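Below, read A as the first sequence line, B as the second, and so on, with proteins coming before strands; counting in each chain starts at 1. Just so you know, these numbers come straight off a predicted model, no measurement behind them.
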4 protein chains.
Amino acid sequence: MAGSVNKVILIGHLGRDPDIRTTQDGRKIASLSLATSESWRDRNSGERKERTEWHRIVIFSEPLAKVAEQFLKKGAKVYIEGQLQTRKYQGNDGQDRYTTEVVLNGFNATLQMLDGNGGNRPPPADDPGSYGRDTSRDTPRDIPSRNDLDDDIPF
Amino acid sequence: MAGSVNKVILIGHLGRDPDIRTTQDGRKIASLSLATSESWRDRNSGERKERTEWHRIVIFSEPLAKVAEQFLKKGAKVYIEGQLQTRKYQGNDGQDRYTTEVVLNGFNATLQMLDGNGGNRPPPADDPGSYGRDTSRDTPRDIPSRNDLDDDIPF
Amino acid sequence: MAGSVNKVILIGHLGRDPDIRTTQDGRKIASLSLATSESWRDRNSGERKERTEWHRIVIFSEPLAKVAEQFLKKGAKVYIEGQLQTRKYQGNDGQDRYTTEVVLNGFNATLQMLDGNGGNRPPPADDPGSYGRDTSRDTPRDIPSRNDLDDDIPF
Amino acid sequence: MAGSVNKVILIGHLGRDPDIRTTQDGRKIASLSLATSESWRDRNSGERKERTEWHRIVIFSEPLAKVAEQFLKKGAKVYIEGQLQTRKYQGNDGQDRYTTEVVLNGFNATLQMLDGNGGNRPPPADDPGSYGRDTSRDTPRDIPSRNDLDDDIPF
DNA sequence: TTTT
DNA sequence: TTTT
């Protein structure tokens with residue numbers, strides 16, 4: 001479609017260590033569970049409210065997946081730029097289900113660490129601290145089909 | 001949480017006319033089905049590929065919902081800024097399911113028409129053409145609980 | 001710096017045809033003059049106000065520069081994603097001056113046409129209508145130094 | 001203009017303590033000097049390059065200006081969402097000059113602290129840590145005219 | 001499941 | 001200098 005944009009920008013913390021998988025043809029894929037929260041004061045009661053949202057992040061970009069593997073850990077604060085994708089999968093009961101993910105496929109994706117050491121682990125000697133855009137895979141053709149994944153459980 | 005960001009930016013076309021509902025306490029809520037597409041040339045085959053993604057947009061901001069109701073129609077091209085929210089609902093089989101939506105709640109939300117007349121309808125005399133940020137409802141407290149909605153089907 | 005982001009997102013109209021220049025080593029660079037406007041009703045007087053902002057866009061990404069050259073024209077509506085850069089130049093009086101530009105250098109840049117024909121010109125037979133991210137030049141090293149430009153007037 | 005967007009998203013560090021001024025009618029305005037950096041490896045030489053960009057941030061939104069005054073300090077890491085504005089001023093030589101700023105005017109603006117304590121100062125007892133969108137001033141009418149400022153030097 |  |  002002419003002039004389409006699909007962009008997600010998130011800043012939040014990882015709820016657990018990155019999950020790293022390998023496709024049948026040897027590429028690494030990282031999945032992150034990212035929390036964003038907002039808090040506000042209720043107009044009526046005056047009490048403090050907080051709402052946490054959990055996001056499923058899937059990193060198909062291999063350089064970014066490797067960064068996630070090496071440098072991110074539970075608790076890490078990150079900036080993420082990706083796009084929304086919803087995919088169908090079969091539930092355990094055989095029925096179709098859908099899940100929406102924030103996909104980083106290198107074409108348009110960014111991952112930035114916002115704390116010094118990517119979580120609660122002491123920083124490695126070669127910790128990049130920051131991280132640029134993946135420039136090695138930059139067209140959508142690089143998105144592995146879901147069939148490449150050797151998992152049978154959606155997430 | 002300190003320093004959290006949850007932002008979605010989309011430009012696409014409506015797949016159908018906006019769906020307008022009314023909460024039990026009389027507020028209007030609009031739902032949009034928005035398509036974004038990307039196309040690229042396959043690195044190997046050289047053939048042209050296209051992928052369309054459908055997004056469910058829910059407008060809790062009443063001014064923006066009214067704009068949607070009055071001015072948007074199937075085919076309209078829009079710019080949307082909102083945030084990601086995933087909510088649980090009961091499937092027909094009684095099981096928990098989840099759906100992820102792009103929510104415009106006035107606190108952080110934008111809706112802009114990018115074509116002259118909001119779709120394939122001739123423009124009304126008072127067509128605003130553009131549309132600013134909702135400034136009348138600007139805190140999360142304005143988000144109606146899902147229980148306010150008189151629907152029993154998620155979407 | 002660890003975790004830095006520099007991003008500009010604009011939707012507006014071109015005030016004139018793109019200006020195309022060629023560097024000494026043969027690369028094309030396009031400059032755009034882009035208007036964004038906002039309108040609102042004054043809280044006190046109740047009258048309608050409008051403010052237009054002009055942005056100087058510089059496209060170092062050669063694929064995007066070619067798209068600008070071929071398909072954009074005065075009046076075209078575009079979506080632009082780039083980054084802020086301020087550079088120093090010598091005024092006619094020999095004094096230092098500064099100008100801030102929105103730079104599209106392929107590393108992080110997007111240009112999307114939002115109207116069918118890129119302005120008031122009838123669309124060419126091969127009008128792409130839309131336009132993807134530049135993926136051929138995707139690191140900052142591709143930014144031509146200003147000395148490459150064969151102009152002596154800043155803009 | 002129909003469907004216009006003017007948005008800047010920055011993550012960087014403050015180069016100095018915020019500068020707080022007061023308008024003639026008593027409103028606070030904060031100015032920040034914010035650095036963003038990018039680094040990459042040169043394609044030819046293979047050496048590591050870094051480029052730092054300095055941004056002038058002007059916070060007209062009074063709640064956000066107060067947050068800046070109370071909680072930000074040289075070295076603080078912040079997320080900023082604002083819009084581009086270029087204004088004319090008179091140089092010391094009487095000639096017109098222009099400066100481009102990232103303006104946070106409450107209508108569309110966000111300021112988030114990304115480190116615990118807003119810089120190198122120990123966190124105060126009531127440090128908010130994070131900070132929501134200004135919702136008390138949300139229309140452009142709140143932008144003080146530049147004439148309100150009691151400065152005669154642009155920055 | 002994170003974080004403040 | 002654009003656009004509505």
Audit row: A:Asp115, A:Lys77, salt bridge (charged side-chain N to carboxylate O under 4.0 Å, His left out) steps and yes/no: CA-CA 6 Å; A:Asp115 43 14; A:Lys77 186 170 203 163; over 6 Å; no
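- Atom-to-atom, NZ of A:Lys73 to P of E:dT1 comes out at 17 Å; the value is rounded to the nearest Å.
- In this structure, A:Leu114 places its CG atom 15 Å from C1' of E:dT4, rounding to the nearest Å.
- No side-chain heavy atom of C:Lys73 sits less than 4.5 Å from a side-chain heavy atom of C:Leu14.
- Taking atom NE2 of residue A:His55 and atom C1' of nucleotide E:dT2, one finds them 11 Å apart after rounding to whole Å.
- A:Thr100 meets the side chain to side chain donor-acceptor pair (under 3.5 Å) test with A:Thr86; sequence neighbours excluded.
- Remark: C:Arg16 pairs with no residue by the salt bridge (charged side-chain N to carboxylate O under 4.0 Å, His left out) rule, at least two apart or across chains.
- Distance CZ (C:Arg48) to P (F:dT4): 15 Å, rounded to an integer number of Å.
- Distance, C:Trp54 CH2 to F:dT1 P: 9 Å, rounded to whole Å.
- Set against E:dT1, F:dT1, F:dT3, the side chain of C:Ser37 has F:dT3 as its closest nucleotide.
- Of the listed nucleotides (E:dT1, F:dT2, E:dT3), F:dT2 has the atom at the smallest distance from the side chain of C:His13.
- Across the protein-nucleic acid pair, B:Tyr98 atom OH and E:dT1 atom P stand 12 Å apart, rounded to whole Å.
- At a cut-off of 3.5 angstrom, the base of F:dT4 holds no donor-acceptor pair with the side chain of D:Ser4.
- Within 3.5 Å, no donor on the side chain of A:Thr36 pairs with an acceptor on the base of E:dT2, nor the reverse.
- Atom P of nucleotide E:dT3 and atom NZ of A:Lys77 are separated by 11 Å, given to the nearest angstrom.
- Listed nucleotides: E:dT2, F:dT4, F:dT1. Nearest to the side chain of C:Ser33: F:dT1.
- Note: CZ (A:Arg16) to P (E:dT3) measures 14 Å, nearest angstrom.
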